[in-house]
Amino acid sequence: MKKKTEKNANAAEDKKLRGQETGEDRLNWRYQDKQYNESFKKWRKQKQDSVGFYFVEKPDRLTYQDGVGFINDYPESHEAKTFRRVLNILGLVLLYRVIVDILFIYFFPLIMEKMGMNIYYSFFSGGRYGSRTLITFLDIFQQILGRLVPTALLIRHLEIPASVMLPTKVTNKPMFEFSFFAALFTAGVCAVMTFFYNGILGVFRIDAMPSYTVSADSDGIAYTIIVCVLAVPIISEFCTHGVILQLVRQFGDGTAIFVTSLIIAASSYDIVSFPFVAATSFVTGYFVIRTGSVITGVIMRVITRAYVCVLCYISFYADPAYSAVLMRAFVFVTIMIGLIASVWFLYNKSDSFSMRIKPGYMSFGRKILEAATCIPVVIWFAMTFLVTALNIKFTH
C-alpha cells in the first residue's frame, strides 16, 4: 500500500511538472524586453527551423516511432533532439574557428616569412615577431574570418532574428551601470587567484608567464589599444555572449552561461590564463543575461582585457625593483574599488542583481553526455587541446 501511494504521488507530481514545463510562459524571458521575447518566440515556433526548441504536445500521449514502438511523448526527448542538432552545428562552427586560428597563428606567418616578409612565429616564446603592420593585418583578418563570417552564416542559415542573437536594449539599468565595477572586482580577484594557480603550475615546471605580447613603443601601444583592448574583445563578445549564448539559452540560462564560458576559455589556447578567462567570462555571461544586453558584455570584456594589458605592461616594462609592488598595489586598489561598489550595490539594489536561472527539461548531466558524444564537438575539443598543449612552455 505504501509503495502504491508513493508511486501515485510521484506520478501526480511528474504529471504536474510536465504540465508546467509545456506552458507558453516558458518561451518568455523575464530579463529581456518585449521585442526580444516576441522575436524569440516566433523563431522557436517555426516548424521548418530545426534548432528552435518548441514543445506544446500533451506529455501523456503515446507516439509511435519506427523501429522502437510506442514511446511517451515527453518534452525531454524533444529537447534532446534539438540539443543534438545545436551541438552539431555549433561544433562545426567551432571546428572551423580553430582551423582558422591555427592557420593564422602558425602557418601564415611561416609562409609569409618564406616569401621574404618581415614576420615570423617563435615556437619557443609562442609569439609572432616582425612588422607590427603585418601582425595587425593578420589579427584583424583572423577575427573576421574566424568569428564574424561564421557568425553571419549561422544567423542567416538558422534564420535567427538579429534582435535575438544580438540583444542591445538594457532592461536593468542599475546593474548595467554596476558592470564596470563588477568587471574590475572580478578581474582583481581572479588575478589574485591566478597567483596561487601559477604556484601549482610551477610544481609541474610550467612557465606561468602571460602569453600576451605588449610593446612599449608608440606603435605597440596603439596596436594594444586598438586591436587587443577594443577590436578583438568587441568582435569576440558579439560572437560568444551574443550569438552562441542566445542560441544555447533555449536549453536553460545556466547551461548557456557555462557552455559559453567554456568555449571562450578553451579558445584562448592557454593553460595559464584558462581559469582567469573562464571565471571572468562566466560573470560576464551572467551580467549579459541579467541586463538583457550584449553591450554589457562588451564593456566588461574590454575592461577585463585592458586590466590584463596593464598588468603585462607593469610586469614587462616597470623597474624590476618596483614592478612587484606596483602590480600588487594596482590589484589591491582595483579590488577595493570594486568591493566598495559591490557592497553599496548589493545593499541598495540587491533586487536588481539576483536572478532565477530558468532550467531546461534535460538534466545537466545528460547535456554533458550529449556534448561528449557529439562528433564535431569532440573533434573541436581535441584540436583545441592539441593547440593548448603545443603552447605550454616549461621552465628549466
Side-chain angles (χ1 to χ4, degrees), residues 49-53 67-68 76-107 126 142-143 145-158 160 165 204 206 211 236 239-279 281-282 285 359-392:
D49 181 11
S50 60
V51 296
F53 171 55
V68 178
E76 293 89 342
S77 61
H78 288 263
E79 185 176 28
K81 287 181 184 179
T82 309
F83 191 62
R84 284 192 290 269
R85 295 188 187 106
V86 170
L87 286 175
N88 282 321
I89 294 174
L90 190 58
L92 291 174
V93 170
L94 293 174
L95 187 58
Y96 165 80
R97 174 174 169 174
V98 73
I99 291 174
V100 170
D101 288 340
I102 291 174
L103 290 175
F104 278 86
I105 294 174
Y106 299 108
F107 290 98
Q142 179 183 349
Q143 294 298 317
L145 294 178
R147 275 72 172 172
L148 290 183
V149 170
T151 297
L153 292 176
L154 196 64
I155 294 175
R156 181 177 178 82
H157 173 69
L158 301 180
I160 306 174
M165 291 294 96
F204 300 96
I206 296 177
S211 59
S236 179
C239 298
T240 52
H241 286 131
V243 175
I244 294 178
L245 182 138
Q246 303 302 331
L247 177 62
V248 182
R249 193 178 179 186
Q250 56 185 322
F251 307 108
D253 287 341
T255 300
I257 296 174
F258 175 82
V259 169
T260 308
S261 302
L262 182 62
I263 290 174
I264 295 173
S267 298
S268 66
Y269 312 119
D270 186 7
I271 191 175
V272 177
S273 63
F274 184 93
F276 182 96
V277 176
S281 298
F282 189 90
Y361 294 108
M362 291 192 301
S363 65
F364 185 75
R366 184 176 178 184
K367 292 174 184 176
I368 296 295
L369 180 63
E370 293 289 350
T373 55
C374 177
I375 299 302
V377 172
V378 171
I379 296 176
W380 165 77
F381 184 80
M383 293 184 66
T384 302
F385 179 82
L386 178 62
V387 175
T388 301
L390 291 174
N391 287 337
I392 297 177

Query raised in the report: Stepwise, does the side-chain contact (heavy atoms from CB on, under 4.5 Å) test hold for L90 with V377?
Result: CA-CA 8 Å; L90 190 58; V377 172; 5.8 Å; no
Requested in this report: Mind running side-chain contact (heavy atoms from CB on, under 4.5 Å) on K367 and V259 for me, showing each step along the way?
Outcome: CA-CA 10 Å; K367 292 174 184 176; V259 169; over 6 Å; no
Report task. Could you walk me through whether L154 and L247 pass the side-chain contact (heavy atoms from CB on, under 4.5 Å) test, one step at a time? Result -> CA-CA 10 Å; L154 196 64; L247 177 62; 4.3 Å; yes
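Here the options are V243, I244, L245, the test is side chain to side chain contact (heavy atoms under 4.5 Å, CB included), and the partner is H241; only L245 passes.
Among all heavy-atom pairs drawn from W380 and S267, the shortest one is CZ2-OG, 4.3 Å. R97 and T240 make their closest contact through NH1-CG2, 4.2 Å (heavy atoms, listed as atom of the first residue, atom of the second, distance). Of all heavy-atom pairs spanning T151 and C239, the tightest one is OG1-SG, 3.2 Å. The two residues S268 and A265 come nearest to each other via the heavy atoms OG-O, 2.5 Å. In this structure, D270 and T388 approach most closely via the heavy-atom pair N-CG2, 4.1 Å.
The closest side-chain heavy-atom distance from Q250 to V86 is below 4.5 Å. With a 4.5 Å cut-off on side-chain heavy atoms, L145 and Y96 count as touching. By the 4.5 Å heavy-atom criterion applied to side chains, F381 and L262 are not counted as neighbours.
Between the side chain of S273 and the backbone N or O of F276 there is no donor-acceptor pair closer than 3.5 Å. Remark: the backbone N or O of I257 is not paired with any side-chain donor or acceptor of T260 at under 3.5 angstrom. The main-chain N or O of L390 is never found under 3.5 Å from a side-chain atom of Y269 such that the two would form a donor-acceptor pair. In this structure, the side chain of S281 does not engage the main chain of A278 through any donor-acceptor pair within 3.5 Å.
Interatomic distance, CG of D101 versus CE of M383, reported as 10.0 Å (0.5 Å rounding). For the atom pair L369 CG and R366 CZ, the distance stands at 8.5 Å (nearest 0.5 Å). The CD1 atom of I379 lies 11.5 Å from the OG1 atom of T384; values are rounded to the nearest 0.5 Å. The distance from the SG atom of C374 to the CD1 atom of I89 is 10.0 Å, given to the nearest 0.5 Å. The CZ atom of F107 lies 11.0 Å from the CD1 atom of I99; values are rounded to the nearest 0.5 Å. A distance of 10.0 Å separates CD1 of I105 from CG of L103, quoted to the nearest 0.5 Å.
Taking Q143 as the reference, nothing meets the side-chain hydrogen bond (donor to acceptor under 3.5 Å, both in side chains) condition, with sequence neighbours excluded.
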